[in-house]
There are 2 protein chains.
Amino acid sequence: MKTSNKMTVDIHSHMYPPAYVDLLSARSSIPMVRSFPHAPDPRLMLLPAEEQALAASLADPADQRLPGRPLTSDYTSLDRKVQFMDTHAIDVSVISLANPWLDFLDAHLSADVARSVNHDFSCMCRLHPGRLFFFGVLPLTAPLDAIRASIAHLGGLDCCRGIILGTLGLGRGLDDPDLLPVFQWLAEANLTLFLHPHSGLPNQVWGPRAAEYGHVLPLALGFPMETTIAVTRMYLAGVFDHVRDLRMILAHSGGTLPFLAGRIESCILHDGKLVRDGKAGDGRRSVWDVLKEQVFLDAVIYSELGLRAAVDASGSDRLLFGTDHPFFPPLTTAEDGEWESVRLNADAVVRAVGEGTVEAKAIMGENAVRILRLQETP
Amino acid sequence: MKTSNKMTVDIHSHMYPPAYVDLLSARSSIPMVRSFPHAPDPRLMLLPAEEQALAASLADPADQRLPGRPLTSDYTSLDRKVQFMDTHAIDVSVISLANPWLDFLDAHLSADVARSVNHDFSCMCRLHPGRLFFFGVLPLTAPLDAIRASIAHLGGLDCCRGIILGTLGLGRGLDDPDLLPVFQWLAEANLTLFLHPHSGLPNQVWGPRAAEYGHVLPLALGFPMETTIAVTRMYLAGVFDHVRDLRMILAHSGGTLPFLAGRIESCILHDGKLVRDGKAGDGRRSVWDVLKEQVFLDAVIYSELGLRAAVDASGSDRLLFGTDHPFFPPLTTAEDGEWESVRLNADAVVRAVGEGTVEAKAIMGENAVRILRLQETP
C-alpha cells in the first residue's frame with residue numbers, strides 16, 4: 001500500500017457482480033434489469049419512482065424514452081473500477097454492493113446469495129491487495145440464525161471492513177427491537193455499518209409532474225431524507241445507547257441530519273409525551289453527541305456549504321471521502337475522463353477546509369485508514 | 001415604531017382567531033379541536049400523524065394520553081401575543097394563521113372564510129399599529145376568480161404584507177401550471193409568500209413505533225422535508241423563472257434546501273432526461289441562484305450550524321428571525337417566562353454571526369423591515 005502522506009480513499013463505491021446482475025435480470029418487477037431492442041445497454045431499474053416509466057415503455061415498445069439507467073460495464077467490471085480509481089488518483093476503494101442489496105429476496109434464498117455475493121467481493125479485493133476492501137451484505141430476509149452466521153462469515157474474510165445496510169432492517173425499519181441483536185453482533189465483530197438509502201419516499205410526495213424531472217426528486221431528495229428518517233428513528237429508539245460499540249457511516253453526509261439536528265433536539269425538548277416519559281431530560285445523549293461519538297459521515301454532499309455543515313456536526317476526523325461510482329457518470333463528456341460528480345465532492349473538501357490541510361488529508365483518506373483499519377493489508 | 005438601531009422582528013408567529021377555532025371545533029376529523037373531560041384545555045389536532053392517537057383516545061375515554069396539543073389562550077388571544085412579544089423584546093411581529101389554513105374547506109365556503117379571517121387579522125394589527133403586521137390567507141379551494149378577488153382584498157389592507165401558503169396549492173402541489181397566475185397576481189400585488197409546511201410526509205415512513213416518539217418525527221423531519229420537496233418541485237417546474245418577481249420566505253430556514261442544494265444541482269447535471277431536454281445546460285439559473293435572488297429564509301432552525309448554512313446559502317441579508325409562537329411552549333418552566341424555543345433561535349444567530357454585528361441586526365430585524373416594508377406604518 002502507498003505510504004505517501006497524501007492518500008485518497010473512496011469509501012462510497014459500488015459494484016454489481018455478474019451473478020447479482022443475473023438475479024436482477026431474472027425478475028419481472030422493479031428492482032430488475034431488462035434489455036430493450038433499441039438500447040445498446042440493458043437498463044437497470046431500481047427505484048419505486050421508476051415504475052411509471054417502465055409501464056409506459058412496456059406499453060409502447062417504440063417509445064424511445066427508456067426507464068432506469070444504462071447498465072454499463074462500469075457497474076460490473078472490476079477492471080473498469082480500477083481504471084476509474086487510477087483516473088481519479090484514488091489509492092484505495094472500499095467497495096460495496098449497490099442497492100437494493102438482498103432486501104427483495106425470499107427468505108430461503110437470501111443466506112446462500114449473501115454468502116455468494118460476499119465471496120465474490122472477497123475475491124475481487126484479493127485481486128488487488130491493499131487497493132480494495134469491501135462492505136459485505138447481510139441476508140436480512142432470512143432468520144436471525146442465518147444473519148448471525150453471515151456476520152461470522154464476513155468477520156473471517158480478510159478484506160471485509162463492515163456491511164452496507166438499507167433502511168428496511170428486518171422489514172420494520174432500523175428502530176425495530178428485533179434488530180438489536182444484529183447490531184450487537186456487528187459491533188462485536190468490529191464491522192462498521194454503512195447506512196445507505198434505497199426506497200426513498202412514497203411516490204405520492206413527488207406529485208403528478210414527477211416524471212418530467214427525471215430522477216431528480218427521488219435521488220436528490222428521497223435518498224437523503226430516507227437516511228435521515230432511518231437514523232433519527234434509531235436515535236429515538238435508543239439503539240445507539242443500547243449498542244454503544246455500534247459504528248455507522250451515514251451516506252450522503254448524513255442525508256440532512258446535520259442541518260436538522262437542532263430542530264430534532266428542540267422537538268424532543270418540547271414534546272409533551274417525551275417529557276412525561278422522562279426521555280427529554282438532562283443526561284440524555286443528544287443527537288449532537290451521537291454525531292460526534294458513534295456516527296461517521298461520508299463526504300458525498302456536492303457542496304462546500306454541505307461539507308462545512310458536516311464537519312461542524314461530526315468533526316473533520318469523522319468525515320470520509322467517497323464518489324458513489326459508478327452512479328452519476330458524466331453525460332456530456334467522455335466516461336473515461338474525469339467525472340464531474342467526483343470533482344464536485346473533491347472540490348467541496350478543498351473549499352471547506354483548504355487544500356492539503358490536516359483536515360483535508362483526514363477527510364480524503366486518513367480517516368478511512370484509521371476507522372476501517374485499511375493499513376491491515378491481507 | 002421604535003427607531004432604535006436594534007430592532008427585533010418576528011416573522012414566524014401564528015394565531016388562530018376565535019372564529020377559526022369555531023370552524024375546527026365543528027369538525028369530526030383532523031384537523032379539529034375537541035374537548036376531553038379530564039383535560040383543562042381543548043385539544044388541537046392538526047397532523048395526519050395524530051390520527052392514531054385520536055382513535056385510541058376515542059376508543060377508550062379513560063385513556064389519559066391525549067391526542068394533539070393543548071389549545072391554550074396563547075393560540076387565540078391577542079393580549080397573550082403582545083405579552084409574549086414584550087417578554088422577549090420583540091418589537092414587531094408579522095402574524096399569520098397557523099396551518100392548515102383554509103385548505104380543508106369546501107369551495108363554496110372558502111372565499112367567505114378567507115375574507116373573514118383576513119379581516120380579523122387586519123383588525124388585530126390595527127389595534128397595535130406599527131407593532132403588528134400580517135400574512136393573509138387565500139381561499140385556494142375556491143375558483144381562480146375568487147382567489148384573485150382575495151388577493152385584491154389583501155392588497156388593500158394596510159397591514160398585510162403577504163400571504164402564508166401551504167404546499168398543496170390548488171390540490172396538485174406548487175408546481176401546478178394552473179397555479180402560475182396566482183403567483184403572478186401575488187407578485188403584482190407586491191405580496192410576499194411565506195411557504196409553510198403542514199402535511200409532512202405519509203405516515204408510513206415513520207414506521208410502526210412512531211407513536212412512542214410523540215410528535216418528533218412528523219414535526220422535526222416531516223415539516224422541513226415537505227417544504228424542501230415543495231420548493232424543489234417549484235424550481236424544477238421553472239416557477240421562479242416564469243414569475244421573476246415572485247418573492248418567497250421559506251419556513252424553517254428552507255427545510256433542508258441549503259444542505260441539499262448541492263445534491264439537487266448534481267442530480268440535475270447527471271440526469272439523462274434533463275440533459276436530453278436541454279434543462280441541465282449552462283445559462284440555467286441554479287438552485288443557488290434562486291436562493292440568493294428570489295428566496296428568503298426564516299431563522300427558525302435551532303442551531304448555530306443550521307443558521308450558518310442558511311447564511312451561506314442565501315446571505316445574511318435574506319434571513320429573517322422568527323419564533324414559531326405559540327407552538328413549542330416551555331414544558332418544564334413557566335409559560336410567562338422566556339421560551340427556550342425562542343432562545344435557541346436567538347442564540348443561534350449570535351453564535352453564527354456574532355452579537356450586535358451588522359449581520360445579527362439584519363437577521364434579527366432590519367431585513368424584515370426592508371423586505372416587508374415594515375417602516376410603512378398605517
Side-chain angles (χ1 to χ4, degrees), chain A residues 65 69 172-173 175 201-202 204-209 212-217 219-221 224-226 228-229 232-233 236-237 252 256 258-275 301-306 308-309 312-313 328-332 340-341 344 348, chain B residues 65 69 172-173 175 201-202 204-209 212-217 219-221 224-226 228-229 232-233 236-237 252 256 258-275 301-306 308-309 312-313 328-332 340-341 344 348:
Chain A
R65 294 167 303 174
R69 57 198 63 66
R172 292 175 298 278
D175 53 351
L201 297 176
Q204 68 202 82
V205 304
W206 311 129
R209 297 184 66 180
E212 294 176 42
Y213 315 137
H215 295 142
V216 173
L217 291 170
L219 283 182
L221 306 187
M225 290 174 178
E226 177 191 358
T228 310
I229 293 168
T232 305
R233 284 170 54 179
L236 290 170
H252 313 118
T256 64
F259 194 69
L260 291 182
R263 185 169 172 88
I264 295 168
E265 279 297 309
S266 178
C267 282
I268 290 171
L269 294 176
H270 293 96
D271 192 85
K273 175 173 169 52
L274 296 191
V275 168
I301 187 68
Y302 307 95
S303 76
E304 174 188 355
L305 178 163
R308 194 177 298 129
D312 282 353
F328 305 115
L331 297 178
T332 54
E340 183 164 16
S341 53
L344 285 167
Chain B
R65 294 166 303 175
R69 56 200 62 66
R172 293 175 298 277
D175 54 351
L201 297 176
Q204 69 202 80
V205 304
W206 311 129
R209 297 184 66 180
E212 295 176 42
Y213 316 138
H215 296 142
V216 172
L217 291 169
L219 283 182
L221 306 186
M225 291 175 178
E226 177 191 358
T228 310
I229 293 167
T232 305
R233 284 170 55 179
L236 291 169
H252 314 118
T256 65
F259 194 69
L260 291 182
R263 184 169 172 89
I264 295 168
E265 279 298 308
S266 178
C267 282
I268 291 170
L269 293 176
H270 293 96
D271 193 85
K273 175 172 170 52
L274 296 191
V275 169
I301 186 68
Y302 307 94
S303 76
E304 174 187 357
L305 179 162
R308 194 177 297 128
D312 282 354
F328 306 115
L331 298 178
T332 53
E340 183 164 17
S341 54
L344 284 167

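Note on naming: letters A, B, ... go to the chains in the order of the sequence lines (proteins, then strands), and numbering restarts at 1 for each one.
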In sequence, state the C-alpha distance, the side-chain angles, and the governing distance for B:H270 and A:E340, and then conclude on side chain to side chain contact (heavy atoms under 4.5 Å, CB included).
CA-CA 9 Å; B:H270 293 96; A:E340 183 164 16; 4.1 Å; yes

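- To the nearest 0.5 angstrom, A:L274 atom CG is 10.0 Å from B:E212 atom CD.
- The two residues B:T256 and A:L260 make their nearest non-hydrogen contact at CG2-CD1, 3.6 Å.
- Judged by distance alone, with hydrogens and angles left aside, the side-chain atoms of A:R69 form no donor-acceptor pair with the main-chain N or O of B:G272 at under 3.5 Å.
- Side-chain N or O atoms of A:R209 include one that pairs as donor or acceptor with a backbone N or O of B:D175 at under 3.5 Å.
- Heavy atoms only, all atoms of each residue included: A:S303 and B:G262 are closest at CB-CA, 3.9 Å.
- There is no contact between A:A348 and chain B, counting heavy-atom distances below 4.5 Å.
- Checking B:D271 against A:Y213 by side-chain atom types alone, no donor-acceptor pair falls below 3.5 Å.
- Per-residue heavy-atom pair counts under 4.5 Å with chain B were compared for A:I268, A:L219, A:T332, and the maximum is reached by A:L219.
- A:V275 touches chain B through its side chain: at least one heavy atom from C-beta onward sits under 4.5 Å away, while N, CA, C and O do not.
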Please evaluate residues A:C267 and B:Y302 with respect to the criterion side chain to side chain contact (heavy atoms under 4.5 Å, CB included), reporting the C-alpha separation (whole Å), side-chain torsions for both, the decisive distance (0.1 Å), and the verdict.
CA-CA 10 Å; A:C267 282; B:Y302 307 94; over 6 Å; no

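- The backbone N or O of B:V205 lies less than 3.5 Å from a partner atom in the side chain of A:R233, making a donor-acceptor pair.
- In this structure, chain B has no heavy atom under 4.5 Å from any part of A:A261.
- Only the side chain of A:R308 comes within less than 4.5 Å of a heavy atom in chain B; its backbone stays farther off.
- Relative ring orientation between B:F259 and A:F259 is described as parallel, the plane-to-plane angle staying below 30° on a 0-90° scale split at 30° and 60°.
- In this structure, the portions of A:I229 lying under 4.5 Å from any heavy atom of chain B include both its backbone and its side chain.
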